[in-house]
Amino acid sequence: MKAMAARALWQLAKRNSPIFRSITESRALLCFAILVEKGSEEVQYNSAMALTEITAVAELDAELRRAAFKPNSPACKAVIDQLLIIIEKADSDLLIPCIKSIGNLARTFRATETRMISPLVKLLDESEADISREACIALRKFACTDNYLHLDHSKAIISAGGVKHLIQLVYFGEHVQIYALELLSYISLHVPDHEELAQAEVLTVLEWASKQAYLNQDDYIERVLQEAKGRLELYQSRGSRGFH
């Protein structure tokens with residue numbers, strides 16, 4: 001019954017704001033956190049997928065997001081804690097839906113709350129392309145210009161060692177390259193004066209990527225790439241005095 005109920009809510013929550021309100025105004029969020037932790041395998045999976053759909057609605061609606069995912073609310077805290085436990089273990093069928101959910105909630109985190117960044121960065125080094133791809137997509141939601149705290153999140157990604165992983169993925173990450181390039185471009189655009197970007201020769205990576213036709217088919221990504229290149233060139237031409 002629990003598995004069926006969780007599956008039903010998973011399907012009902014897809015792009016459905018009224019259902020989202022009903023779920024989040026009840027105790028359902030807290031229940032999903034508990035079920036993801038302690039339910040049977042099917043219940044866990046259906047509950048994780050339901051959370052993915054719920055957070056996807058929250059990502060697109062700022063009013064609903066603020067109402068349902070207040071940082072201090074017990075339900076929000078329980079959900080995020082459980083998502084992070086699964087992401088940190090990184091050995092579960094629930095991993096990808098949990099990565100997606102954390103990414104969907106990227107705009108709910110404060111500048112001081114960076115505990116989700118390091119586990120996601122570690123997943124960039126995953127041998128399974130779908131996992132590293134989803135980690136890239138989630139981190140992009142933290143670092144993109146649309147995220148008010150993109151500067152803080154970009155610095156946190158660098159501090160967690162994200163740059164070296166992203167460089168490897170841009171060069172060699174089949175099926176992940178474009179996502180890694182977009183994330184690396186955002187980081188370079190927002191903190192071009194960071195010494196680690198110079199030491200890792202990120203400008204060389206972006207210059208190489210700009211010459212690869214298959215990485216420049218998306219006009220938006222090409223524009224971000226060119227802006228990031230320009231910012232890095234500006235700061236690095238000033239020499240080491242420009243870094244901190």
Side-chain angles (χ1 to χ4, degrees), residues 1-109 113 115-117 119-120 122-124 126-142 144 147 175-176 179:
M1 286 290 288
K2 286 181 181 178
M4 291 172 64
R7 182 175 178 80
L9 287 170
W10 158 20
Q11 298 300 324
L12 286 169
K14 290 181 178 179
R15 297 175 292 281
N16 192 325
S17 296
I19 291 294
F20 175 96
R21 288 184 186 276
S22 298
I23 290 172
T24 55
E25 288 173 2
S26 68
R27 288 174 51 83
L29 271 183
L30 192 56
C31 290
F32 278 134
I34 294 169
L35 291 174
V36 169
E37 179 185 9
K38 299 180 178 179
S40 67
E41 190 173 316
E42 186 180 5
V43 169
Q44 284 182 316
Y45 182 76
N46 290 349
S47 298
M49 292 302 294
L51 285 173
T52 302
E53 296 299 340
I54 292 165
T55 56
V57 175
E59 180 183 22
L60 299 175
D61 192 315
E63 182 184 347
L64 292 178
R65 184 171 64 249
R66 285 192 290 267
F69 290 96
K70 296 174 184 175
N72 294 327
S73 77
C76 178
K77 187 176 183 303
V79 167
I80 290 169
D81 286 350
Q82 194 53 47
L83 293 175
L84 285 176
I85 286 170
I86 291 166
I87 290 171
E88 285 168 350
K89 288 182 179 177
D91 62 353
S92 165
D93 291 339
L94 308 179
L95 182 56
I96 286 180
C98 289
I99 295 170
K100 288 181 176 180
S101 294
I102 284 288
N104 292 342
L105 294 175
R107 297 188 194 190
T108 68
F109 296 105
E113 191 171 11
R115 62 193 176 118
M116 74 297 302
I117 298 293
L120 288 172
K122 287 180 181 176
L123 293 177
L124 296 176
E126 255 293 333
S127 57
E128 293 185 36
D130 55 346
I131 293 174
S132 54
R133 181 181 66 245
E134 292 301 334
C136 273
I137 293 170
L139 286 167
R140 174 205 166 278
K141 293 180 180 182
F142 284 91
C144 70
N147 191 311
H175 307 305
V176 187
Y179 305 100

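- Considering all non-hydrogen atoms of both residues, N46 and A6 come closest at CB-CB, 3.7 Å.
- Side-chain contact between N147 and F109 is absent, with no heavy atoms from C-beta onward closer than 4.5 Å.
- Going from atom CD1 of I54 over to atom NZ of K14 covers 13.0 Å, rounded to the nearest 0.5 Å.
- When all heavy atoms of V36 and S47 are compared, the closest pair comes out as CG2-CB, 3.7 Å.
- Side-chain contact between L124 and L139 is present, with at least one heavy-atom pair separated by less than 4.5 Å.
- Panel note: side chain T52, backbone A48; a donor-acceptor pair is recorded below 3.5 Å.
- Within the 4.5 Å cutoff, the side chain of L29 has heavy atoms near those of the F69 side chain.
- Minimum heavy-atom separation, I86 to C98: CD1-SG, 3.6 Å.
- Counting all heavy atoms, side chain and backbone alike, I23 lies closest to F32 at CG2-CE1, 4.2 Å.
- Enclosure of atom CD in E41 is not indicated, since only 12 or fewer non-hydrogen atoms of other residues, nucleotides or ligands lie within 6.0 angstrom.
- In this structure, R27 places its CZ atom where only 12 or fewer heavy-atom neighbours from other residues, nucleotides or ligands lie under 6.0 Å away.
- Taking the side chain as every heavy atom from C-beta outward, F20 and D61 never approach each other to under 4.5 Å.
- Here L83 contributes atom CG and L51 contributes atom CG; the two are 6.0 Å apart, rounded to the nearest 0.5 Å.
- Remark: of the listed residues R107, K141, R65, K141 is the sole one forming a salt bridge (charged side-chain N to carboxylate O under 4.0 Å, His left out) with E59.
- Shown are L95, L123, V176, I96; of these, the side-chain contact (heavy atoms from CB on, under 4.5 Å) with E134 is made only by I96.
- More than 12 heavy atoms of other residues, nucleotides or ligands sit less than 6.0 Å from atom CG of D81.
- When the shell of 6.0 Å around NZ of K122 is examined, it contains 12 or fewer heavy atoms from other residues, nucleotides or ligands.
- A heavy-atom distance below 4.5 Å is not found between the side chains of K70 and C76.
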